[in-house]
Every structure is written in C-alpha cells, then in structure tokens.
Asks: 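Below you will find the structure I want to go over with you.
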There are 4 protein chains.
Amino acid sequence: MMASQSTAKPEPRWVRRKDARPEEITAAALTLFVQRGYANTRLEDVARLSGVSKGTLYLYFANKEDLFKAVVREGLVSPIAEVRGLIDQYEGSAFDLLRMVLHGWWQRIGSTPVSGIPKLILAEARNFPEIAKFYLDEVVRPGLEAIVGIIERGIRAGEFRSVDSRHVAHLVFAPTLLIACWCNSLAPFDPQGMEPLRVIDEHLEMLRRGLAPESTSSQDR
Amino acid sequence: MMASQSTAKPEPRWVRRKDARPEEITAAALTLFVQRGYANTRLEDVARLSGVSKGTLYLYFANKEDLFKAVVREGLVSPIAEVRGLIDQYEGSAFDLLRMVLHGWWQRIGSTPVSGIPKLILAEARNFPEIAKFYLDEVVRPGLEAIVGIIERGIRAGEFRSVDSRHVAHLVFAPTLLIACWCNSLAPFDPQGMEPLRVIDEHLEMLRRGLAPESTSSQDR
Amino acid sequence: MMASQSTAKPEPRWVRRKDARPEEITAAALTLFVQRGYANTRLEDVARLSGVSKGTLYLYFANKEDLFKAVVREGLVSPIAEVRGLIDQYEGSAFDLLRMVLHGWWQRIGSTPVSGIPKLILAEARNFPEIAKFYLDEVVRPGLEAIVGIIERGIRAGEFRSVDSRHVAHLVFAPTLLIACWCNSLAPFDPQGMEPLRVIDEHLEMLRRGLAPESTSSQDR
Amino acid sequence: MMASQSTAKPEPRWVRRKDARPEEITAAALTLFVQRGYANTRLEDVARLSGVSKGTLYLYFANKEDLFKAVVREGLVSPIAEVRGLIDQYEGSAFDLLRMVLHGWWQRIGSTPVSGIPKLILAEARNFPEIAKFYLDEVVRPGLEAIVGIIERGIRAGEFRSVDSRHVAHLVFAPTLLIACWCNSLAPFDPQGMEPLRVIDEHLEMLRRGLAPESTSSQDR
DNA sequence: TATGAATGAGGATTCATTCAT
DNA sequence: TATGAATGAATCCTCATTCAT
C-alpha cells in the first residue's frame, strides 16, 4: 500500500532550478520577441513557454524591458566574442578571411535563433535607445571595423583593388542582414524559399570578383 | 461666383479637402508606426499628428489593423507602379538598367518616408500574415522577377557572366534593405553616419565588376 | 405612442457630464480612502461608487496617488479658506473666538466627511511626504498660528493668563483630532458612543477656566 | 583541538534563543507597520528587519493578519497591566494621580515604539473589526473608566468641580493621542517640532485649573 | 461628418503564501 | 526548524473602440 503511494508521485508543484532558469527564460523570450515583437509578447506567454509561472520571471528580471535587454545582450555576447577571436587569430588571404567571417556568421548566428536579434533591434531601436547604443558599440562598430581592417589589409597586399573600405564594409554585411530579417519575417510565407548559404556563396563570389584589383586586366585595358 | 468667393474668403487658397483626410491620416500613421512600431503607436497620437480627433479615424478606417494595412498598401502602390513602368519601357544595357533601378529606388523610396515600410513589414509580418502575403506578392516577387529578368537579359547579351540569377537578385536588393532599415532604426544613434548614395554607388560598382563576364573576355574589352 | 417611447428609454450606456465628474469621483474616493485606507481601496470600487467606469478615473486623475492628493487638497481647500476668513474678521473676546473656531470646525469639518482627512493624513503621511508637507504648510501651521494669535491676543488683553501659547495651541486642537479620528475609526464599534459636541463644549469650558488669569484677579471678576 | 574550539568560538555570549524569535519579529513588524501602514508593509521587509527569512515568519504566525494582531496585542498587554496596577494601588490626590497616569503614559508608551499603535489602530480599525473591538475592550474602555474613576473620586473629595466625567475623560486623553499620532506621522516633516512633555505638562496645568472647584472663587462670583 | 468623453478588456507588476530542500 | 524559490491571485493602468452630442 505504501509502496503504491510512492509510485503515485505527488507530482511536486514546482522544482527548484535556480541556475538554469535565467537562460531558459531568455531563450523563450527570444523566440517570442522575434516572433511577435516586443510589445505584442505577453510575459505570461514567455512564462508558459519557459515552463515557469508569471511571478518567477520577476525573480530574475526586474521587468519586461530588463528581460528584453537581457535577451539582446545575452544573445550577442558569445557570438561577438567568437567572431572577434576568429578574426584576430586568422592568418591568410584577406578574401579567405571574409569567407570565413561570413560562413562563421551563418553557422553561429544566421542559422540559429540568435538571427532574430537584428530584426528585434531594427524594430525596437527607437524605443530602446540604450539597446541601440549597445548594439552599435558592441556589434555594428566592431564588426564594421573588423571588415574595414580586412579590406584594407587586402588592399595593402595588392589582393584587393583600392575601394572606399568604410562603405564597402556595409556591403559585405548587407546580405547577412537581408537573410537574418528574411528568415524571421517573410520566409514563413514564401513558398519558393531562398537558400541562405547559396546567397552567401554567391555574395562571396561577387566580392571576390568585385574586389579584384584592376591589375589582372590592366594590361588589356 | 467663383471670383467673388476667392476674394471674400481670407482662407488658405486650397482648403484641406475632405478627400485628403485619409491620406493625411495614413501619412501620420506611417511616421508613427515606423518610429515606434505598430503596437506601441497610440491611435490618439496618430489623430493628433494628422490634426483630427480620435473618433474621426474610425470614419475612414475600420480599426487599427485596417489603418495599418492601408498605410502599407498606400505607401507601396505608386512606387511599385513607377518602378514597373520604368523597367518595362527601358531599352539599354542591363547594367544601366540596374543602375537606374537602384537610383530610382533611392529617389522614390529610400530617401522618403516610405523607406520605413520595409522595417514595418519585417517587424510585423508574423503578426499580419495578410500583409506579409500582400508584400510578397506585390513587392518582393515582382521586384525580384524584374531583377532576374534584367540579369538574364544581361547574360543572354553577353554583358554578364552566367550566374544564379535568382540568388543574385537578392544580392542586388540587399543593400537597399540595409539602408532602409538602418535609416529608420540605428542611424539616429550613430554619430558617424553612412551615406546611402555612396553605398549604392559602391554597390553598383561591385555589381558591374562582379557580374562582368569571365576574364577570358577581358582581352576583348 | 410617443409617450410610450419616452418610457421605453433606450438607456444610454453612459452620459456625458464632464464638469461634475471630478467632484463626484473625489467624493467617492474620500469615502473609501477613509473607510479602508489608501492601499486597501481599489480604484474599481471608487469607480463603481462614483458611478463611472475604471477607465474614466484616468481621464481626470493621472493615477491613484494623484487622486489621493486631489482628495486631500480638495477636501481641505474650502474649509481652510472659511476658517481663515472667520478668524480674520472676528472682533470680540479671545475666548469667544476660540469657541467660534471650535464650533465652526465641528460644523464645517467635524460633522462632515472631510473629518476623515486627518486620519488619512496620519496614516499616509510617511508614504506621501508631499502630502505631509502640504498639510503642514496649509493646515497645521496656519491653524496653529491662528490659535497662537488668539491666545496671545487674550493674554495681552488680560483675558488669559500668561501661557506658552505655542504648546497650548496644540492642546486647543487635540480634542478635534481625537473626535475626527474616533468617528472615523473606532466609533462604529463602540456601543456607548461619545458625543462630539459635548466633548467640544466640555473642552471649551476647560479652556475658559484653564486659561483664566491667576486667581489674584478672581475677586475682580 | 576540540577543546580549543570551545574557547575559540568568538560567538556572542548569549546566542539569540529561538524563544526570542516571535518578539523580534513583532518588534520589527511594529516598526514597519507604523512607518508604512499595514497594507504597504511587505512581509519580506519584516523578515529582513528581524533577521529571519520570509518562510520563518509563517512558523510563528499564521499569516499577515495574524502577525498584525499579535503586534497590537503584544504591544499593549504590558502597558495596560502596568497602568492598571499603578492606578489600583495609588493613594493620593486625584490630580496627582492624573499626573502620574499621563507621565506614566509618556514614559511607557508615548516615548517608545508602542506609541505607534494608536495610529495603526486608527488607520486599520475599519479593516480589522476584531482588533477594533479588542482595543476598545482592553484599552479604551478600561482606560476611560480608570480616568472616570479618578475624576469622580476627585469630585467626591471636593478636589474637582462637578463635571461630566465621561466626556472629560476623553479630554484627558486627547493630547496623548495627538502626541502619539503626531510623532509617528507629521513630526518627521515639521522643522519646528513640538515637545511632547511640554504639551503634557501644559495640559496638566490646564486640567488642574480647569477642574478646580468653583469654591475658591465661589465667594466672588 | 466630427468630436472626445466614456468604456472595459487586456497585460504588467506586486506580494502573501506555499513547499521542496 | 529554517530557507527562499516558486506560485498566482489581485490590482493598477493603458488604449482600442464606441457613441452621445
């Protein structure tokens, strides 16, 4: 009899998992924020999706805005670090580095839920200046600078023609933005689909040719 | 009669015709939707900005969602028509056509308030499938097809190398998306700034070189 | 037929009465705040009691705190003015003036809902420093000063013995505080009851005798 | 080694006995209830202030209301007993007894945290009828009766003039209420300050004179 | 048509209370 | 006993929408 009781699991109303919680919550929040937008996401849904109660959210985040910031920050921190490391160490041709960066972006960000963050930032930057500045300072600027560095290295090495590195850097990233936004907004409604990796490779090929120095064909000019 | 009227009334020469109301309202709504996002925009603010009362909005639009759809539709209708006409008539090199399209985009969309619409669509597509489909059917698909057509014309004419026209078409538009989104989200927080036209021209140059036929044909240049 | 129509009132969902509203609301709020305390009063109840909807409250008051302040301020404004006028004009013996002030207090405050305000202030002063200061500056200080003035006039005129007017002024008001608080808190539970006017008159008699000049002058009375 | 432990322990000489817990908790609760009001006091703060955890409160008190009642009851029990004893034993003039009671009140209640209880009662009586009745039965009524007794003893002894002892009893206590409430609400915001003992002494003097039999001056009347 | 006062459903947030540890 | 993470009912407040004027 008593044994039967033990099998009749009293099913605890909740379990204590303090450490895991914040990540589970931000993961759920990221999903919903990306899907529905910040304002349209109910904290109750975030709670449900992360398997906790409404009140529990407030044990880890002061309020909705705070949760949002945590989602963005946390989603970006490790990708940023990784990409930085990647670039700093690399020794090789400038173009190979560009390829590595774009492929790395796809692997670590583009093909993961984190790819939803750009859309979030775009949508909410005006409402959250703090987030906008953070993103500019920690992601955009360093990212652009890295690309500028690569391009200028390529120019100095005679690998690339002389271009306005600053503006070209924007071009290098444009397709990633397109992909990230597309996948998290219109893609679900597009029956044809677009293959991100194909776009990236096509883009790389365009960059290779577009950045090639005039010299090769300089004689026939 | 008309003469007498014009002399008597010290009123502005063209009084706001009641027919103009809807456009004034959608214009105000576009501004606010782009600035703050759909959910975060209060109809009261739209009313104030367009100089009418809250109740008046409901004389022209059934509800907030309806207003939103009108904003998007209306913002896109004439640009779409113009670009179509542009392409259909044009006779000239494929690349010149690309240049014309991108410059035209900047003039008619990129540098106007309408440039905020892509951001709106990205942010709200998931919440408004109808809008998403409309945008896909009326803007994205026709736009891509037009570009695909241009590219394939160029390939057939030996002006461009042979590429996956579908995916390259995405690349052609990517920088416009970048610019449109950037200007309506992060640009206000970026002290450095980015010059859209410079980016577009740099992009065109990259396209010219990147699409140029294989260097085997470099001597025949 | 028409008569029947008039009886078949379509019963409008609400009526427009912009001007009357604020007072109706503060009156209801005063009642409930006094009865249940600030924190324990639900705005929904205030709304119901004043015959409006929850949202309507926010047309007139920014939030609960604002409503609270309005209740206090509004409840005090006219009594303050009246008492001031009363004292300023009066010409007569100091004691008669004291009597007039205390009786006036009973008529205009003590026996009205406004008598609940002292209790409210006491209970919430610490939570609303602004209100505390307002009450001190606009009610307590002027009130005490008025009493001090009367007492000192009486002393100068030989009508009162020489006392510490400042501290005696507190004593003059103490019974009104007792009455105001008692009636709005314990009175409903006390079967015996206490008659405010009796207490006031007994108090006046004590004041008359307690303030009478030293008995040296008893013979000349 | 172990021996050294016993000597090593730099612990306080008398560790907080678990029996002391409830008192520590009610003391903390009294402070906070008086400061912020019942509803506005978070049990978490009571817990923190009394150095225990939130859950521990529930080992000693069934719930917040229970804690509140304990605070009131406990705060009043010993003062009541003391004052009773004081009065019962006393042999002396009625006025001296009044003086003793009021001075005793100041020493044992007025100048201690317990002085906050009247404010609490006033503020919450309507919400806690049980408390109201308890306070009426155990504090107000006995207190008034005691004063009534003293006054009537004085009258019988020819020490006091003939007054309505019941209502005058209220007057005797009024200044204590004023002081108790003042100190726990407006005093912190009043730069001038009021000296409770001065008020009490002034009050006693007013009582002495106000209650004096007509006889002294009866001849000159 | 045009207005804006009034409505009330919806969602963020708080905090007394429970309970696994 | 003691803890504090977890819960969810309760309440403030917002704002799309309605409708008397």
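The analysis underlying the following values was restricted to heavy atoms, covering all of them including side chains, and did not include hydrogens, waters or symmetry mates. Throughout, protein chains are lettered first and strands after them, A, B, ... in sequence-line order, and every chain is numbered starting at 1.
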Asks: Would you mind reading off the distance between D:Asp66 atom CG and E:dT17 atom C1', rounded to a whole angstrom?
Replies: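 The distance from CG of D:Asp66 to C1' of E:dT17 comes to 14 Å, rounded to the nearest Å.
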Asks: Between E:dT1 and F:dT21, how far is it from one C1' atom to the other, in whole Å?
Replies: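 Those two atoms are separated by 13 Å.
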Asks: So, is C:Thr56 near the phosphate of E:dA6, with a side-chain N or O under 4.0 Å from OP1 or OP2?
Replies: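 No.
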Asks: Using a cut-off of less than 4.0 Å, is there contact between a side-chain N or O of B:Arg21 and OP1 or OP2 of E:dT1?
Replies: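 B:Arg21 to E:dT1 OP1/OP2: no side-chain N or O under 4.0 Å.
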Asks: So what's F:dT21 paired with, Watson-Crick or G-U wobble, going by both distances under 3.5 Å?
Replies: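 Here F:dT21 is engaged in a pair, and the nucleotide opposite it is E:dA2.
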Asks: What is the separation between atom CZ on D:Arg42 and atom P on E:dT13, rounded to the nearest whole Å?
Replies: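 These atoms are roughly 16 Å apart.
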Asks: Measure the distance from OH on B:Tyr58 to P on E:dT7 and round it to the nearest whole Å.
Replies: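 About 17 Å, once rounded to whole Å.
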Asks: Indicate the atoms forming the closest heavy-atom contact of C:Pro22 with C:Phe61, along with that distance.
Replies: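 Scanning both residues, the minimum pair turns out to be O-CZ, 4.1 Å.
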Asks: Round to a whole Å and report the spacing from CD of A:Glu44 to P of E:dA9.
Replies: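 Distance, rounded to whole Å: 17 Å.
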Asks: Which is more 5' along DNA chain F, the nucleotide nearest C:Leu43 or the one nearest D:Leu59? Just name the residue.
Replies: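 Going by which nucleotide is closer to the 5' end, it is D:Leu59.
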Asks: State, to 0.1 Å, how close D:Val34 and D:Lys119 come at their nearest heavy-atom pair, and which atoms those are.
Replies: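 What the structure gives for the nearest pair is O-NZ, 2.6 Å.
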Asks: Over all strands shown, is D:Lys64 touching base, sugar-phosphate only, or nothing at heavy-atom distances under 4.0 angstrom?
Replies: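 Sugar-phosphate, no base atom in range.
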Asks: Pick the nucleotide of DNA chain F nearest each of D:Lys54 and C:Glu65; which residue has the one closer to the 5' end?
Replies: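 Result: D:Lys54.
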Asks: Rounded to whole angstroms, how far apart are CG on C:Leu57 and C1' on E:dA5?
Replies: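 C:Leu57 atom CG is separated from E:dA5 atom C1' by 13 Å.
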Asks: Nearest-Å distance, CZ (A:Phe61) to P (F:dA6)?
Replies: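 These atoms are roughly 12 Å apart.
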Asks: What is the separation between atom CG on D:Asp45 and atom C1' on E:dC15, rounded to the nearest whole Å?
Replies: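 In whole Å, E:dC15 C1' and D:Asp45 CG are 11 Å from each other.
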Asks: Does F:dT14 have a Watson-Crick or wobble partner in any strand here, with both distances under 3.5 angstrom, and which is it?
Replies: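 Across all strands, the one nucleotide that pairs with F:dT14 is E:dA9.
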Asks: CZ of B:Arg48 versus C1' of E:dA2: gap in Å, rounded?
Replies: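 From B:Arg48 CZ to E:dA2 C1': 17 Å.
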Asks: Report yes or no: do B:Glu74 and B:Thr26 form a side-chain donor-acceptor pair below 3.5 Å?
Replies: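 Side chains of B:Glu74 and B:Thr26: pair found under 3.5 Å.
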Asks: Where is the tightest heavy-atom contact between C:Lys64 and C:Ala39, given as atom of each residue plus distance?
Replies: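 Taking every non-hydrogen atom into account, NZ-O, 3.5 Å.
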Asks: Is there a side-chain polar atom (N or O) of A:Tyr60 under 4.0 Å from OP1 or OP2 of F:dA6?
Replies: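 For A:Tyr60, the contact criterion (side-chain N or O under 4.0 Å from OP1 or OP2 of F:dA6) is met.
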Asks: For A:Asn63 and B:Ser53, find the nucleotide of DNA chain E closest to each by heavy atoms; which residue's nucleotide sits nearer the 5' end?
Replies: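 Its nucleotide being nearer the 5' end, the pick is B:Ser53.
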Asks: Would you kindly compare D:Asn40 and A:Thr41 by the position of their nearest DNA chain E nucleotide and give the one closer to the 5′ end?
Replies: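 Upstream on the strand: A:Thr41.
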Asks: Please find the pair of heavy atoms, one from B:Ser185 and one from A:Leu122, that lie closest to each other, and give the distance.
Replies: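 Taking B:Ser185 first and A:Leu122 second, the nearest heavy atoms are OG-CD2, 3.2 Å.
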